[in-house]
Q: 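I'd like to ask some things about the structure below.
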Amino acid sequence: MLSGAKGKKRRLKSDDTSFAKRRMHRRDESDLPTAVAAVDFASIFMDALIRNTEIPYDKLGPFNEYFTFLYNQPLGSWQSELCNNLLKHCDVREDSEEIDFRSKNNLLRQQSKFRLWLRIKCEQYINEPSVEKRELFLEEAERLIIIQKEKDFPKSGAKLPYSTLDHKLIAMVYFSEDEGLIRLFAKHLPIPRADCFESARIPRYIMNREEQINETIKGFLEKNKPEEYLSIEKQVIELQRLYRSKKRQTEERYRIPEVYDRGKAKVEIERDMQSQGTINNFGTPYTPEKCSSMLANRIVLAASKIRFFNYIRHETRKNAITSMFDGAIYGRKSLLMFSLPFSPAALRRCDIDNGDSNVVCFGSDYGTIDPITNGDVELKFQFDKLDFGPERLKHCAFFKQQDLGYENSKIRCVTLSEGKNLIFRHTVNDRCSVGFKKLRLEYQTVGQRKPAFNFALVGTVPNYKLISYDIQNIESVLILNFFRYLDALAIDDQIEASDVISAIYHDIEEMDDAQLAVFLEDIGRNLSDTMEFNFFGAYQIDFNALTHIKDKEYCLDMAELISELQNGELDILLTAKEKFPAIFKSYRFLDYLSTKTTSVNVLIELSNLRALCKTPGWYPMNEKLNREDKPSDCEEVAAMDEGLPGPR
């Protein structure tokens, strides 16, 4: 695309210059500086590419703009000289099954190798007149995609899929209407949803597929009577939850041994895997081991009666609320798979290694949330109103004792008895102990308080034992995990601190039932104030559980809003519409509010807002459907990623 020479500086060929000008003319004026910079640096880049030399450090910024400019060009606009020179610096090595850059060019090393290589193959395919060679380029592209999928889709689920994809290229492929490319991309890569495009400009393949999906769902709904739509939706969600739960178990069975693949830990994990049966049995309430069985039973019984987990909170962006309310809050894998735009949150490499590659994260109401979650609005839910199925056993949710990637150096203090305290710190990551969490503790009595804490006593627990699926006993799990640390307490993480362990258990044994309850709740709150509650894959918001929507300036209390609507008043609704306009663009939210009032003027206002909402083609306008129920059809719809939204 960019080549040619004139004098000492390399310039664009006349044909290329006119092409670039035509492209720039069609760009939005706000993008012109980027396009101009790209053209200015193109010849310098080509020269560095051909000579295989470093690009000056101070030029890397503009060169990154150049790459952005390149990727934004229409499919088929990269000329053969550019593709061939780029290909000299990258290759798919069969022996290591990886894409390897053999280049001194520091800018190339910063680019996504998979993204660049795939784009080159697509360009070669589009521009090749020979049918035979075009097929060869398709085969090479498919081989590349398969290699990348094997690399990005380990059965452990430890890595993010699609993280290196160029979603603009995917859109370009579907707009190209080339059957060969579309067939290849549809087979191996995420297919964008129609709502990823402007309504007036949706690729024909995507539009046809969307219509087929709508017809399938409408046909499914037509077969069900006299079920209400919400009842049908609930059946589908339950099946989706079951599917997601099994998928999570499969991923964890591979992830956990992979992370802890060393020595004694590996042997212990293999034993746990065999004894637990399913991953869902991991993280059940722990029974203390370094004390008498009588005391252990007393502690477990007392913990089972304590309730302090009342709410969960999720931070997000205001501009995402409409899609969250109408569809679901998705985990990162799902967002990437569906090509949905999102603001990156607090997801680090360690989070992914700890099984968070596709989860929706919540914090507790009594603790803190990682401050880099990048949210500007908070959603708060009443925990006991969340539907986890009969006895809280049918769900795709789990929780962690703490946000394993959130570093918080806070020191906690819990009173054992008068003059005796447990001082501990457990939310600071230890670089040398990947895959494990350490609780550093001091057992203090009167007269032993020191000006600084050395925390010589250390209890170490593998991260996977701090992850639990036992929603029914959430408080017990959060409290009793303290005794996992206590039973593993060692001096300087080496010599078992048996004397201290015995002394602490002795102090606990001296407590009466009321004192024990206070102590255990205090332990539970302090040990889990950075806890993390997760839904795997997706969570469809249950408005009955939603209690507050708030930002730094305003808090919408849902109970107050509903009470006002029931009384035929609109003051809170009008204020909320001004503060959070996105929630009143959600058809599901407005339909929910309509069920909470019989006031005519309120229903008229809600109806007017509802008329402005974008509604899926399959969504029933009437709540009740007089159809015949066929549960087997629910499974067919639940298996479709584009089916009824919900926890998947």
Side-chain angles (χ1 to χ4, degrees), residues 259-260 264-265 268 282-291 296 299-300 303 308 350 354 364 366-368 370 399-416 420-445 448-450 452-468 474-508 519-532:
V259 173
Y260 300 89
K264 182 180 176 181
E268 183 180 355
F282 272 49
T284 52
Y286 177 74
T287 300
E289 296 179 351
K290 299 293 180 68
C291 65
I299 290 171
V300 171
F308 61 85
C350 62
N354 283 312
S364 67
Y366 59 84
T368 60
D370 193 335
F399 60 96
K400 299 177 180 178
Q401 187 71 48
Q402 61 197 81
D403 181 344
L404 298 173
Y406 173 30
E407 296 188 17
N408 184 347
S409 59
K410 178 181 176 181
I411 296 174
R412 283 84 169 171
C413 177
V414 174
T415 300
L416 270 168
K420 292 184 179 181
N421 300 308
L422 294 178
I423 313 294
F424 61 90
R425 187 177 68 182
H426 65 289
T427 52
V428 176
N429 290 335
D430 295 278
R431 291 184 180 181
C432 60
S433 57
V434 177
F436 295 82
K437 273 298 170 188
K438 297 179 182 294
L439 183 143
R440 301 181 180 276
L441 180 140
E442 280 200 4
Y443 174 56
Q444 291 188 344
T445 58
Q448 288 185 325
R449 183 172 293 277
K450 304 170 185 177
F453 304 109
N454 58 21
F455 296 111
L457 301 173
V458 181
T460 303
V461 176
N463 284 350
Y464 77 91
K465 290 192 175 181
L466 300 175
I467 300 174
S468 175
I474 186 168
E475 284 94 352
S476 292
V477 173
L478 294 175
I479 292 168
L480 295 172
N481 275 343
F482 170 76
F483 297 94
R484 292 184 188 272
Y485 286 113
L486 180 58
D487 287 346
L489 209 60
I491 301 171
D492 293 328
D493 204 13
Q494 294 179 355
I495 305 171
E496 182 179 309
S498 54
D499 291 344
V500 178
I501 296 171
S502 297
I504 292 173
Y505 274 123
H506 178 267
D507 290 336
I508 295 173
F519 168 74
L520 292 177
E521 181 173 343
D522 201 9
I523 279 288
R525 286 178 178 273
N526 277 281
L527 198 66
S528 59
D529 62 355
T530 64
M531 73 87 64
E532 184 179 299

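Just so you know, these numbers come straight off a predicted model, no measurement behind them.
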Q: Ignoring hydrogens and angles, write down the donor-acceptor pairs under 3.5 Å from the side chains of residues 477-485, residues two or more places apart or on other chains.
A:
{"from": "Asn481", "atom 1": "OD1", "to": "Arg484", "atom 2": "NE", "distance (Å)": "2.7"}
{"from": "Asn481", "atom 1": "ND2", "to": "Gln401", "atom 2": "OE1", "distance (Å)": "2.6"}
{"from": "Asn481", "atom 1": "ND2", "to": "Val477", "atom 2": "O", "distance (Å)": "3.4"}

Q: Taking the side chain as everything from C-beta on, heavy atoms only, tell me whether Ile508 gets closer than 4.5 Å to Leu416.
A: yes
Q: Can you find a heavy atom in the side chain of Val458 that is under 4.5 Å from one in the side chain of Asp492?
A: no
Q: CD1 of Ile523 to OG of Ser528: how many Å apart, nearest 0.5 Å?
A: 10.0 Å
Q: Without hydrogens or angle criteria, can the side chains of Lys438 and Thr460 be said to hold a donor-acceptor pair below 3.5 Å?
A: yes
Q: Name the one of Asn354, Ile467, Leu404, Asp403 that satisfies side chain to side chain contact (heavy atoms under 4.5 Å, CB included) with Glu532?
A: Asp403
Q: Any side-chain heavy atom of Thr284 within less than 4.5 Å of one from Ser476?
A: no
Q: To the nearest 0.5 Å, tell me how far Ile501 CD1 sits from His506 NE2.
A: 15.5 Å
Q: Is it true that a side-chain atom of Glu442 and a backbone atom of Asn421 form a donor plus acceptor pair closer than 3.5 Å?
A: no
Q: Quick one: closest heavy-atom pair of Ala303 and Leu520, and the distance?
A: N-CD1, 3.9 Å
Q: Side-chain donor-acceptor pair under 3.5 Å between Asp487 and Tyr286, yes or no?
A: yes
Q: What distance do Thr427 atom OG1 and Asn526 atom CG have between them, rounded to the nearest 0.5 Å?
A: 10.5 Å
Q: Mark yes or no for whether Ser364, through its side chain, and Gly367, through its backbone, hold a donor-acceptor pair below 3.5 Å.
A: yes
Q: Among His426, Arg412, Arg425, find the residue that satisfies the side chain to side chain contact (heavy atoms under 4.5 Å, CB included) test when tested with Leu439.
A: His426
Q: Of the non-hydrogen atoms in Tyr505 and Lys290, which two are nearest, and what is the gap between them?
A: CD1-O, 3.3 Å
Q: What's the shortest heavy-atom distance between Ala296 and Thr287, and which atoms?
A: CB-CG2, 4.1 Å
Q: To the closest 0.5 Å, what do you measure between NZ (Lys400) and NZ (Lys437)?
A: 10.0 Å
Q: Given 3.5 Å as the limit, does a donor-acceptor pair link the side chain of Asp529 with the main chain of Arg525, or not?
A: no
Q: Report the distance from atom CZ of Phe519 to atom CG of Leu422, rounding to the nearest 0.5 Å.
A: 5.5 Å
Q: Once you round to the nearest 0.5 Å, how far does CG of Leu489 lie from CD1 of Ile504?
A: 6.0 Å
Q: Could you tell me if the side chain of Phe424 sits less than 4.5 Å from the side chain of Arg440, heavy atoms only?
A: no
Q: Kindly indicate, with the supporting measurements, whether the criterion side-chain contact (heavy atoms from CB on, under 4.5 Å) is fulfilled by Asn408 and Val428.
A: CA-CA 6 Å; Asn408 184 347; Val428 176; over 6 Å; no
Q: Who passes ring pair (Phe, Tyr, Trp, His ring centres under 6.0 Å) against Phe399, sequence neighbours left out?
A: none
Q: For Tyr406, what residues pass the ring pair (Phe, Tyr, Trp, His ring centres under 6.0 Å) criterion, not counting sequence neighbours?
A: none
